[in-house]
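All ligand and atom numbering here is 1-based and tracks the order in the structure. In this text the structure is predicted, and so the values were computed from the model without any measurement. All values below were derived from every heavy atom in this structure, side-chain atoms included, with hydrogens, water molecules and symmetry-related copies excluded.
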Amino acid sequence: MNSFRADLHCHTTCSDGSMTPTQLVELAVELGLSGLSITDHDSIGAYATAMPVAAAHGLELLSGVEFSAAHEGSAVHVLAYGFSLTNPLIHDFCRQHVLRRKERNRAIMDLLTKQGFPISEKELYLLDSSLEEDKSWGRPHIAQAMVKKGFVKSSDEAFKKYIGDGKSAFVAGKTFSVAETLQLIHEANGYAVLAHPMLIERQSVARDLMNLPFDGIEAYYARYPIDKQLYWKRIAEEKGWIVTGGSDFHGNLKPNISLGCSWVDEVTFKKLKQKKI
Ligand code: AMP
Ligand code: ZN
Ligand code: FE
Ligand code: FE
């Protein structure tokens, strides 16, 4: 029996994961995974460190990133795989996201300050002493800063009361459309995969997305009920798209999700590693 398993969705300290790229690769090896794609939010910063560690342990890496996009006001995450890690389009797009996030974080913190919860940029960026390069800072870090300052008891409370979508200190900021994100990924010779389709709340959004030129759907996701996963697997197969899977591991930021709890086999992993024709 082929025991190859690859987790195609996980986060490090380069976005909102709690493990460094080195720790994550070592955990994947420890768990017996054969392949891994690190998909930080809007950042490929983990790869510079992860690549030599993975090579030393014989773990195969697939290039990946999880881009934030929006459709009709709803957040949509798009996974990109198989692009060259030196592709200038990908680097430039990640840079644009860093700028977008900086502006947006500032606007969210301004609103929080007005509401009696002052957090400065300095306090936010000093939160993590690891100072990863090309790190994507976002709402999970603002939530952690709120906990640290005693404004809320947990990150969940910060999202539920203040910074979650539509709450009093929520700011959407600049967004990129799903269509332009797909175009960029394709220009960079990557595969574009719809992340966690079961999290899409509006039917109309799901319908529209199914008419966009995705290459795959992340049907195997985290610990979702198998009937939901099979529903999306069937849709992907009807469309002739690749069925992908991953845990969306964030370390102790999502403690009930373990690395490798969703995965793909060797055939899918190798296909995504192949150059697109
Ligand atoms: P951002 O990319 O800055 O908009 O932050 C969105 C990220 O926040 C998501 O990808 C989740 O990882 C995280 N998130 C969303 N809702 C919650 C919540 N209720 N509690 C904790 N984290 C959340
Ligand atoms: Zn995340
Ligand atoms: Fe996501
Ligand atoms: Fe994710």
Side-chain angles (χ1 to χ4, degrees), residues 7-19 24 37-43 45-46 64-71 73-81 94 96-109 111-112 119 121 124-125 127-128 132 135-147 152-176 178 181 192-201 205 209 217-222 224 232 244-257 259 262:
D7 187 335
L8 301 187
H9 190 158
C10 52
H11 298 266
T12 73
T13 45
C14 285
S15 64
D16 55 356
S18 67
M19 288 186 146
L24 184 73
S37 183
I38 302 173
T39 52
D40 276 308
H41 298 287
D42 309 317
S43 170
V65 57
E66 183 176 22
F67 285 127
S68 312
H71 184 79
S74 292
V76 175
H77 286 174
V78 180
L79 293 158
Y81 294 116
C94 289
Q96 290 183 54
H97 274 284
V98 167
L99 296 176
R100 162 187 83 77
R101 284 176 170 278
K102 245 195 154 79
E103 292 289 309
R104 180 198 190 210
N105 292 342
R106 194 177 295 139
I108 292 174
M109 289 187 290
L111 279 182
L112 285 172
I119 298 172
E121 275 194 294
L124 179 71
Y125 298 131
L127 202 65
D128 179 2
E132 301 288 353
K135 175 166 175 142
S136 276
W137 295 87
R139 284 182 290 166
H141 305 105
I142 296 176
Q144 281 172 265
M146 290 183 80
V147 174
V152 286
K153 289 203 172 58
S154 66
S155 288
D156 201 42
E157 186 186 344
F159 272 91
K160 284 209 173 94
K161 288 192 179 159
Y162 306 108
I163 61 174
D165 292 20
K167 304 297 180 198
S168 62
F170 174 75
V171 176
K174 175 184 168 53
T175 54
F176 293 98
V178 178
T181 302
V193 172
L194 176 61
H196 39 65
M198 47 292 274
L199 299 184
I200 300 165
E201 282 171 6
V205 171
L209 293 179
I217 295 183
E218 188 182 44
Y220 300 123
Y221 177 67
Y224 263 71
W232 286 102
T244 79
S247 62
D248 207 359
F249 178 73
H250 281 72
N252 60 25
L253 276 102
K254 283 191 188 173
N256 56 335
I257 296 295
L259 188 67
S262 269

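Of all protein N, O or S atoms, those under 2.8 Å from the Zn ion (ligand 2) number 4.
Across Gly164 and Phe170, no two heavy atoms sit closer than the pair O-CB, 3.3 Å. Shown here for Phe67 and Cys94, the closest heavy-atom pair between the two residues is CE2-SG, 4.0 Å.
Side chains of His250 and Asp16: a donor-acceptor N/O pair is present below 3.5 angstrom, by distance only.
Separating the CZ atom in Arg106 from the CG atom in Leu124 is a distance of 11.0 Å, to the nearest 0.5 Å. Taken from CD1 in Ile257 to OG in Ser247, the straight-line distance is 7.0 Å, to the nearest 0.5 Å.
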Could you go through Asp40 and His11, starting from their C-alpha distance and side-chain angles, then the distance that decides it, and tell me whether this counts as side chain to side chain contact (heavy atoms under 4.5 Å, CB included)? CA-CA 5 Å; Asp40 276 308; His11 298 266; 3.7 Å; yes
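Here Lys160 pairs with Asp156 under the side chain to side chain contact (heavy atoms under 4.5 Å, CB included) rule; sequence neighbours left out.
Between Val193 and Leu8, the closest side-chain pair of non-hydrogen atoms is not below 4.5 Å. Within the 4.5 Å cutoff, the side chain of Ile200 has heavy atoms near those of the Leu194 side chain.
Excluding waters, the set of protein N, O or S atoms lying under 2.8 Å from the Fe ion (ligand 3) comprises Glu66 OE2, His77 ND1, His196 NE2.
Each of Lys135, Arg101, Gln96, His77 was evaluated against Asp42; a single residue qualifies, Arg101, per the side chain to side chain donor-acceptor pair (under 3.5 Å) test.
Between Tyr224 and His196, the gap from one ring centroid to the other reaches at least 6.0 Å.
A cation-pi arrangement is present between Lys102 and Tyr125, with the terminal nitrogen or guanidinium carbon under 6.0 Å from the aromatic centre and inside a 45° cone about the axis.
Within 4.0 Å of ligand 1, heavy atoms belong to protein residues Asp16, His41, His77, Arg101, Arg104, Gly138, Arg139, Pro140, Asp156, Phe159, His250.
For Thr39 (side chain) and Cys10 (main-chain N/O), a donor-acceptor pair under 3.5 Å exists by modelled atom type.
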